[in-house]
Amino acid sequence: MFKRNARSAAALAMIGTLGAVSAFAQEASPEKLERIEITGSRIKSVGAESSSPITSVGKEDISIKQPVAVEELVRGLPSAYPAIGPNVNNGSNGTASINLRGLGSNRTLVLVNSRRIVPATLGGVVDTNTIPVSLLERVDLVTGGASAVYGADAVSGVVNFITKRNFSGVEATSLYSASEKGDAQRYKNDLTIGANLADGRGNVVVHVGTTRTSPLQLAQRDYAVTAISSGTGLPGGFSGTSVPAIWSGMPSTLAGSKVIDATSGVFRNAVSSGPPDGYNTNPPNYFETPLTRTQATGMGRFQINDYAEVYGEVFHTRSNVTLNLAPSGTFGAALNIPIGNPYITPAVRAQLCAAYNISAANCVPGSTTEFRANIARRFVEAGPRIYSYDNTTTQYTAGVRGDIPILEGWTYDTYYQTGRSDQIQRTGNGFSASKLQQAVRATSTTACTVTTGGCVPINLFGAAGTITPAMLAFIATPTFQTTRVEQTVIAGSASGEVAIAKSPWAKNPLGVAIGYEDRKVFGGNASDAVVQTQGELLGSGAPTPDRSGTLKFRELYGEATLPLVNNKPFIYSMNIGYGYRNTEFDSIGGVKSYGSWKKSFDYAPIKGLRFRGESQRATRAPNVNELYAPVTTGLATLQVDPCQGASISAGQAGQAGTLTNLCQLTGVPAAQIGNVAAPSSNQINNTSGGNPNLGPEKADTTTLGLVWEPDFVDGLSVTLDFWKIKINGAVSSPSARQVVDGCYTAALNPGFTYNSFCQLIQRDPLNGGLNGTGSRGVSTQSSNLGTYNYSGVDVGANYRLPLKKVGLPNWGRVDLSMQVAYMKKADFKSLPSVATLEQAGYYSTAFDDGNPYAKLRFNQRTSWTLGDYTVGLAWRHIGGTSVAPGSESTYTPANSIKAYDYFDLNGSWQITKNWKLSMTVNNLFDKQPPLVGTGIGAGATNFGNTFPSMYDVIGRRYTATLQANF
């Protein structure tokens with residue numbers, strides 16, 4: 001039980017209000033009018049209209065797009081930006097998500113039928129693969145905060161998937177899709193069966209569906225086969241883990257990166273950032289990751305009487321997503337190696353003995369005297385690394401809704417919901433660092449120094465093919481880790497009208513909605529010892545120590561809309577609204593209480609023209625990962641290390657106020673000055689973790705706009721909305737690029753002093769680099785010190801023209817629609833001490849997701865329907881962008897991306913009453929994506945020499961769907 005507090009007092013007051021209202025409810029008209037609830041409000045009213053901008057994707061749009069997953073419906077909308085999905089390979093977590101306004105998937109609330117879905121990740125993000133496309137009636141998007149209505153996470157907006165309510169019959173669909181080259185195939189089959197019960201008082205729907213998509217490798221597109229450096233435009237950005245091995249971290253006579261020359265048989269300087277010594281990681285990586293998915297959904301309802309309709313929903317999805325990465329390797333591991341290792345040639349052994357001052361007596365084959373060096377050798381003999389994600393999500397909902405007795409016009413809805421998401425991640429072709437160290441400690445080709453586990457000596461120093469299957473089998477280590485998220489929701493709400501609260505100039509009285517929601521979220525992961533140990537799984541990035549935590553939310557909310565004036569001169573209608581939600585958030589940091597609210601108005605001076613606006617305080621509580629994640633070291637994107645190569649010189653060693661001295665203070669050994677390697681594959685080590693002291697984010701959002709439906713143009717609707725979202729106390733961290741710039745850039749650190757940013761950098765003590773197992777790299781811990789300031793303008797227009805109105809009575813109709821989004825500002829500041837990142841119109845490695853933030857984006861669709869035939873053309877526009885100031889490259893094509901336009905042709909034919917064929921040609925003119933090279937954006941989104949999540953990498957694609965209804 002709750003203690004008496006402001007919230008429980010408010011609940012009692014609301015109950016009292018309901019009692020008082022009952023005496024006046026009888027004044028309402030006996031005629032029962034349909035009251036509806038629209039996305040963005042809990043109030044059910046007659047002829048409800050939203051004061052929030054809403055974008056709807058209807059059945060017709062779904063039919064035209066022919067998606068295999070619902071994130072495709074949203075990702076292409078101008079107000080949405082790419083998130084994790086099929087076009088993310090190295091950086092994917094095996095899910096698909098939605099990112100409104102580019103503020104992050106964790107700030108977009110995803111609902112089904114206005115109810116939450118259990119998250120799939122510890123970051124609180126929903127895997128939209130769980131939502132069946134074939135059951136959708138429409139998709140509503142509310143952009144701008146909606147926390148007062150729906151609770152936490154609705155900062156950038158809400159995506160509400162509305163399913164079919166009264167489906168009866170049988171519907172079967174089969175989809176096939178492939179690129180013009182015959183690859184990137186997709187297969188989707190669905191069966192939906194529904195039946196009405198008891199003269200329409202009930203309905204039951206069962207749906208099953210399967211989806212399979214084939215992978216597309218970078219090697220299958222000519223422009224992506226070889227990594228091109230964004231800095232030079234030449235093959236580059238290669239990995240410093242190659243074959244034959246690249247050596248570093250050795251004494252001064254062998255300082256820098258070395259490789260054994262195939263001709264001379266002795267060390268020479270390595271060129272690891274590109275040919276001939278760097279490794280091109282591109283070919284096996286995926287442009288489009290493969291998916292196999294099975295879905296089963298059941299929905300039912302039965303109206304017992306006017307006061308009680310029971311309903312239930314079951315969503316079950318099992319999916320597998322597989323990622324492909326370049327072969328594993330040692331990745332610069334610091335190893336202790338016997339000088340008598342049998343795979344070290346005599347000429348190289350002599351060089352090593354001279355560098356390490358090993359005596360002639362010990363400089364012989366079989367000697368156990370050890371030296372230490374960083375070895376970067378790619379295990380090409382094993383094939384690519386494989387990461388497999390098996391995801392299972394099941395959610396049950398059971399509820400009762402209906403009219404409230406004795407309260408005319410009042411309805412209630414109560415439900416209990418429980419859901420669970422499980423993910424099992426397995427790795428293939430992964431290898432153990434400790435077993436590698438054991439295998440390299442050998443003085444003969446037949447036995448290791450320590451023979452435990454059947455150790456097989458490994459040849460790290462030869463050409464491709466010198467590592468045998470037996471060698472690989474010994475160091476191989478399959479891994480296993482699981483993630484589980486459980487969510488339980490108990491909620492109840494009531495909505496109706498308060499007859500005594502009525503304006504004398506309005507037709508309808510005050511509309512009210514009140515409710516309570518109790519939500520509990522548990523999240524945790526468990527993994528084997530290999531995954532949990534830093535550096536044990538070679539090439540894995542960050543380890544994943546076990547973590548778990550529980551978040552509890554207890555919320556009471558109320559919402560009211562008061563019509564002020566109706567049908568008066570110059571005031572066709574005028575309404576105001578207010579909503580408030582009180583939240584108690586219980587986590588590892590204790591109990592925090594806070595509120596979110598909204599104020600709204602709408603004013604129509606005449607019929608057909610309506611002005612609307614909302615001001616909201618939205619909130620987002622930190623998720624399990626942000627609170628509970630242990631500190632670990634993973635990877636971040638950086639193209640150039642300020643301390644690499646000739647950027648620093650031995651002549652300035654130890655001189656205060658110089659870049660060389662600052663590099664030394666952050667970990668570059670004196671012997672490595674002038675020899676520090678460039679970041680391997682444009683990546684450096686990055687240390688980060690959770691913060692149990694985090695509190696909720698607070699966002700102030702504003703939307704102002706109009707809706708115009710002129711009487712003199714029948715079928716035309718135009719919307720115009722300005723929006724602004726400002727988040728204070730944002731959970732954020734500086735990017736690795738910001739930390740590096742804050743330390744080493746003269747403009748930000750004029751005296752080259754060892755400042756607070758430099759303290760966040762730890763280099764490898766042997767070679768001074770930011771890669772390898774000996775470096776924590778750049779530390780980027782989370783805090784509540786971030787701010788986001790985003791704003792823009794949205795325009796929407798729809799027009800339906802029956803051609804008989806222009807004298808063509810037998811020519812059907814034309815439908816036109818357009819959605820335009822202009823992003824005026826997208827400013828982000830992770831800490832008060834760092835510079836503001838102005839993201840609108842730019843792309844950079846410093847940005848959160850790395851994708852270009854085009855200022856202007858729009859979709860336009862024209863379709864012509866004549867009887868059983870429809871043909872249409874969709875036009876997708878992505879505005880031009882350029883690299884953020886200060887990140888310019890000498891390679892001009894990497895500095896800007898022109899505006900891009902894609903055209904999609906679609907058509908459908910209702911063959912008979914029961915059969916329908918739909919066809920689409922995406923990227924009609926087979927437009928190639930912009931080629932900017934690699935390293936100009938974040939590694940997860942800038943690969944294959946382009947931005948695969950933003951621009952089309954498939955090329956012209958053909959899709960056909962055959963649908964049968966009985």
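Applying the salt bridge (charged side-chain N to carboxylate O under 4.0 Å, His left out) rule to R116 yields the partners D153, E517; only residues at least two apart in sequence or on another chain are considered. Partners of Y603 by side chain to side chain contact (heavy atoms under 4.5 Å, CB included), not counting sequence neighbours, listed by chain and number: I571, M574, P605, F611. Applying the salt bridge (charged side-chain N to carboxylate O under 4.0 Å, His left out) test to D700 and every residue at least two apart in sequence or in another chain returns R617.
Here the side chain of N784 pairs a donor or acceptor atom with the backbone of G729 at under 3.5 angstrom. For N305 (side chain) and Y307 (main-chain N/O), a donor-acceptor pair under 3.5 Å exists by modelled atom type. For the pair S503 (side chain) and W505 (backbone), a donor-acceptor distance under 3.5 Å is present. Here the side chain of D403 pairs no donor or acceptor atom with the backbone of G409 at under 3.5 angstrom. Put simply, the side chain of E697 gets close to the backbone of V731: a donor and an acceptor are under 3.5 Å apart. Within the 3.5 Å criterion, the main-chain N or O of I490 finds no donor-acceptor partner in the side chain of Q417. Checked by atom type and distance alone, the side chain of R581 pairs as donor or acceptor with a backbone atom of S147 at under 3.5 Å. In this structure, the side chain of N99 engages the main chain of L103 through a donor-acceptor pair within 3.5 Å. Counting only distance, with no hydrogens or angles, the side chain of N566 and the backbone of K507 share a donor-acceptor pair below 3.5 Å. Panel note: side chain N203, backbone F167; a donor-acceptor pair is recorded below 3.5 Å.
Side chain to side chain, Q860 and T862 meet the donor-acceptor criterion of an N or O pair below 3.5 Å. Residues S495 and T411 have side chains that never bring a donor and an acceptor to within less than 3.5 angstrom of each other. Side-chain contact annotation: T583 with E555, donor-acceptor N/O pair under 3.5 Å present. A donor atom on one side chain and an acceptor atom on the other are not found under 3.5 Å apart for D794 and T719. At a cut-off of 3.5 Å, with distance as the only test, a side-chain donor of Y516 or D518 sits close to an acceptor on the other residue. Looking only at atom types and distance, the side chain of S97 has a donor-acceptor partner in the side chain of S105 under 3.5 Å away.
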Report task. Using the side chain to side chain contact (heavy atoms under 4.5 Å, CB included) rule, take F585 and L551 through it: C-alpha gap first, then chi angles, then the decisive distance, then the call. Result -> CA-CA 7 Å; F585 171 57; L551 311 177; 4.0 Å; yes
Report task. Give the intermediate values and the outcome of side chain to side chain contact (heavy atoms under 4.5 Å, CB included) for residues N106 and R620. Result -> CA-CA 9 Å; N106 58 345; R620 184 184 77 86; 3.6 Å; yes
Requested in this report: List the steps and the verdict of side chain to side chain contact (heavy atoms under 4.5 Å, CB included) for V70 and L136.
Outcome: CA-CA 9 Å; V70 296; L136 291 181; 3.7 Å; yes
Requested in this report: Show your reasoning for whether side chain to side chain contact (heavy atoms under 4.5 Å, CB included) applies to R519 and K552.
Outcome: CA-CA 6 Å; R519 180 164 56 99; K552 297 178 181 178; over 6 Å; no
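Salt-bridge formation is detected for the pair K598/E559: a Lys NZ or Arg NE/NH1/NH2 atom is positioned less than 4.0 Å from an Asp or Glu carboxylate oxygen.
The shortest side-chain heavy-atom distance between E60 and R861 falls under the 4.5 Å cut-off. Under the 4.5 Å side-chain criterion, counting only non-hydrogen atoms from C-beta, R201 is in contact with F302. In this structure, the side chains of L135 and M299 come closer than 4.5 Å at one or more pairs of heavy atoms. Side-chain contact between L73 and K65 is present, with at least one heavy-atom pair separated by less than 4.5 Å. Considering only heavy atoms from C-beta on, Y788 comes within 4.5 Å of R107 through its side chain. A heavy-atom distance below 4.5 Å is not found between the side chains of S596 and Y557. Proximity of V125 to P119: side-chain heavy atoms (C-beta onward) are nowhere separated by under 4.5 Å. V126 has its side chain out of reach of L109: every pair of non-hydrogen atoms, C-beta onward, lies at least 4.5 Å apart.
Residues Q839 and D827 approach most closely at N-OD1, 4.4 Å, considering heavy atoms. Here the closest non-hydrogen pair linking Y81 and A854 is OH-O, 3.2 Å. Nearest heavy atom pair, residue I404 against residue A494, reads CD1-CB, 4.1 Å. Minimum interatomic distance between L510 and A560 (heavy atoms only, all atoms of both residues): CD1-CB, 4.0 Å. Nearest heavy-atom pair across G695 and P622 is O-CD, 3.5 Å. Contact detail for S593 and N582: the closest heavy-atom pair is OG-ND2, 3.8 Å.
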Could you go through residues 138-145 and list every donor-acceptor pair under 3.5 Å that involves a side-chain atom there, pairing it with any protein atom two or more places apart or in another chain?
from, atom 1, to, atom 2, distance (Å)
R138, NE, D140, OD1, 3.1
R138, NE, D140, OD2, 3.1
R138, NH2, D140, OD2, 3.1
D140, OD1, S56, OG, 2.6
D140, OD2, T39, OG1, 2.8
T143, OG1, R101, NH2, 2.9

Would you mind writing out the side-chain donor-acceptor pairs for residues 795-805 within the sub-3.5 Å range, not counting sequence neighbours?
from, atom 1, to, atom 2, distance (Å)
R800, NE, D815, OD1, 2.5
R800, NH2, D815, OD1, 3.2
K805, NZ, D714, OD2, 2.9

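Classified by interplanar angle (parallel below 30°, tilted 30° to 60°, perpendicular above 60°), the ring pair Y580/Y578 is parallel.
A distance of 8.5 Å separates OG in S600 from CD in Q616, rounded to the nearest 0.5 Å. In this structure, CG in N166 is found 6.0 Å from CG in N196, a value given to the nearest 0.5 Å. Between the CG atom of L111 and the CG atom of N160 there is a distance of 5.0 Å, given to the nearest 0.5 Å. Here L609 contributes atom CG and Y572 contributes atom OH; the two are 12.0 Å apart, rounded to the nearest 0.5 Å. Here E838 contributes atom CD and N789 contributes atom CG; the two are 10.5 Å apart, rounded to the nearest 0.5 Å. A distance of 10.5 Å separates CD1 in I878 from CZ in F858, rounded to the nearest 0.5 Å.
For the pair R401 and Y311, the cation-pi criterion (under 6.0 Å, within 45° of the ring axis) is fulfilled.
The salt bridge (Lys or Arg N to Asp or Glu O under 4.0 Å) analysis of residues 568-578, with sequence neighbours excluded, yields no pairs.
More than 12 heavy atoms of other residues, nucleotides or ligands lie within 6.0 Å of NZ in K829, so this atom counts as buried by the packing criterion. Around the NZ atom of K59, the shell of radius 6.0 Å holds no more than 12 heavy atoms that belong to other residues, nucleotides or ligands.
Centroid-to-centroid, the aromatic rings of Y790 and W723 stay 6.0 Å apart or farther.
Across E137, E309, E313, a single residue satisfies salt bridge (charged side-chain N to carboxylate O under 4.0 Å, His left out) together with R165, and that is E309.
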